[in-house]
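Here is the structure we will look at.
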Amino acid sequence: MSRLLAFFILVFVAGCGGHVTPPDRVRLGIASPATTLDPRFATDATSSRVVRLLYRRLVDFDPAGRPVPALAKWEAITPTHYRLRLGREGRVFSDGSRLTAADVKATYASVLDPATASPHRTTLTLIERIRVIDDDTLDFFIDRPDPLFPAYLVLGIVPAHALAGKDALNEQPMGSGPFELEEWRDDGAMLLRARSDGRRVELVPVKDPTVRTLKLLRGEIDLLQNDLPPELYHYLDARGTMRLHRRRGSNFTYLGFNMQDPATSDLRVRQAVAHAIDRTRIIRYVLHGGARRAEALLPPEHWAGNPDLKPIQYDPALARRLLHAAGYSARHPLHLVYKTSTDPFRVRLATIIQHQLKEVGIDTEVRSYDWGTFYGDIKAGRFQMYSLSWVGIRTPDVFRYVFHSTSLPPEGANRGRYASAEVDRLIGQAESAPSLAAQAPLYRRIQQQLHEDLPYVPLWYEDQVVVARASIRGYRLAADGNYDGLIDVRRGRAHQ
Amino acid sequence: MASFLIARLASALVVIFGVVCTVFLLIHLVPGDPVELMLGESAQPADRAALREALGLDRPLPVQLGVYLERLAHLDLGQSLHSQRPVAEVLAARLPATAELAVAALLVAIVTALPLGVLAATHHNGAWDTGAMGFSLLGVSIPNFWMGPLLILVFSIGLGWTPVSGRSGLASLILPALTLGTALAAILARMVRSSLLEVLNEDYIRTARAKGLSPAAVMWRHALRNAWLPVITVLGLQLGALLGGAVVTETVFSWPGVGSLMIEAIQKRDYPVVQGCVLVIAVAYVVVNTLTDLVYGWIDPRIRLGDA
């Protein structure tokens, strides 16, 4: 027994002594690890963000969501023929070979090949043909005019010679981005090396948000970005030893209705729900001010956003009148089922909304399910009301995908089975407009119509937040929460 | 002994077969489509169908089960639907972490429970007994998701002795092992106490005392040895559970074990990985329980295995 105790004490003492920070490494705590590093398959948030660091893409976006040149500039020779010219920057893959137009063609051809089973294929099926002119120039031919086409060219470019097998590319990514992969451990932790100066950045997955916060406090990680309950930001900020930065985000949280349900198909019911929710109070007290009220899927600063939408006001008296007009009363109350995921924060929000709806006489039952079940129910239309967020929306073609009457799952994401001849017509009209400038007013009208029909109750756009230890310098927070800020991040001298 | 082992092996195979079939059918009945989760909502029906066919998910369920069992007979656990890596490789990467944590937690439990149980039994209804059983009640009552962060606050943030989480050397093992071991220690301490109380009233203990043996000798040579049997039964069951992965503890401490792997796989509907994890857990239970039965014979020579 005493030997066993001595062994334990020895192990304890040997293991103690704190955690030494390697001086060349900045560590970012993340909620979930990447699942793939092959840009043809990356769809989850972490994978997509890491892929941006390892590969370069042809096109990126400005703060208003307009496509801007990244690897290439483009020119519309005809409405269905785009010529792309590759620039000088970012043209060397991590294996030393040069990125050429042939690599661009090979990447897109691979995604378009049904055998690849790439989740990005659907967006790109309008590409009819790709022609390589020379090492720096290539032409894309599309099957119909679409002024948004350049905005679809956001795939990370991989070398043609690396496309033989997807497994190899996933485990040994070979891009021309600012970082290359040095190590990807079984626990999901990832070590990236900056190609410019050899600096290292480590991505450390820590699922539990409280533990992530404690690791930051202890100095085992240097940065945290999003994915924390608001009270933990507040806790870290209040300590005064961390730097907290916020910026306006565009991820849109909403309440969705089933338009084929007898209760929620009634516009008066949807309006009553919209007027019964006090978004201002939720943002102030639950989100600790870390969000702004939303009126539409696209934020007002987006080039196709509508800044003129009249805000939906919190008006419980009006909500009660609307319910009364719809035939509900204290003796015959409205009963709604609200489905959400098992995420504790989402469940808490659902409970608060449940309470606010109760105030106007709506009896709400909150049901939370694991993600697969929840998502399956929503897609199948087995719901009355649910809440979700749209993350990383860049282009207004999302309106066809989400609200067109032909976009019912599995063809699209019109989960509420919304059908409006007017919205269908406006979507068609916008798609055939010759330029983004001509599309913008049409998309604004679509948002106006949706604001009146309320297939969604728009709730808020959540802020992007980063918390860093005082010694961390140079991290720029992106509006969509990507990790591009790691390109310039440095550890200063103030580190303990 | 040989007939006992053969019988246990046969029943173990039946149990594992039953578990594999049941889990296979249950996981496919749970709502949620792996193809949907892999390709996203915007994928075209043709692409979905192609991937479903490539993964063999388009076949009838009994056919899929047959294919799985045939592969299993060749010790092939299949490939992860998401990472495309062999499931055996994925599991092999996670098993050492789980085994390490299970053994460490078990050591914590035994080292804590044994003295507590003995103290409680030898000071029956006294202050030591009340204190030990109070600790035991506390250990059983505190959930791991609360105990873990509490230990982190004290030992990592407050004292700076251990890392907060992750698997980076021996120091990182201490807090997860304490978290996991405390609850087990509490159960074991109670078992040791009640078992000892029973044994301490036996005639042979009185005889040992009458022979003039020291209290320590009576306790260690005679009482504890006979009190071990029920304790070992509980220990066997608990070790099986520990080897199956301690999901909550692994999540809190970002411990890359089988438990957290299974949760990730369930969320992604990665059927082969879920199957692989369940298989590991089932095998762990069966092996540990068989070993427990064998240990009975060693602890108590009166027990003869295989003599029906």
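Residue numbers begin at 1 in each chain, while the letters A, B, ... track the order of the sequences. For clarity, every value in this text was computed on a predicted model and none was experimentally measured.
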Flag the pair A/D186 and B/R167 as a salt bridge only when some basic side-chain nitrogen lies within less than 4.0 angstrom of an acidic carboxylate oxygen. no

Quick one: which of B/S165, B/G166, B/P256 has the most heavy-atom pairs under 4.5 Å with chain A, could you say? B/S165

Would you give the length of the straight line joining atom NZ of A/K215 to atom CD1 of B/I157, rounded to the nearest 0.5 angstrom? 10.0 Å

Measure A/S32 against the heavy atoms of chain B and call it side chain, backbone, both or neither at under 4.5 Å. neither

Nearest-0.5 Å distance that lies between atom OG1 in A/T210 and atom CH2 in B/W146: 13.0 Å

Of the backbone (N, CA, C, O) and the side chain (C-beta and beyond), which part of A/T373 lies under 4.5 Å from a heavy atom of chain B, both, or neither? both

Atom of A/L214, atom of B/P149 and distance for their closest heavy-atom approach: CD1-O, 4.4 Å

Single hit among A/L217, A/I221, A/V211, A/T213 for side chain to side chain contact (heavy atoms under 4.5 Å, CB included) with B/V164: A/V211

Could you verify whether a donor N or O on one side chain and an acceptor N or O on the other, from B/S254 and A/K207, lie under 3.5 Å apart? no

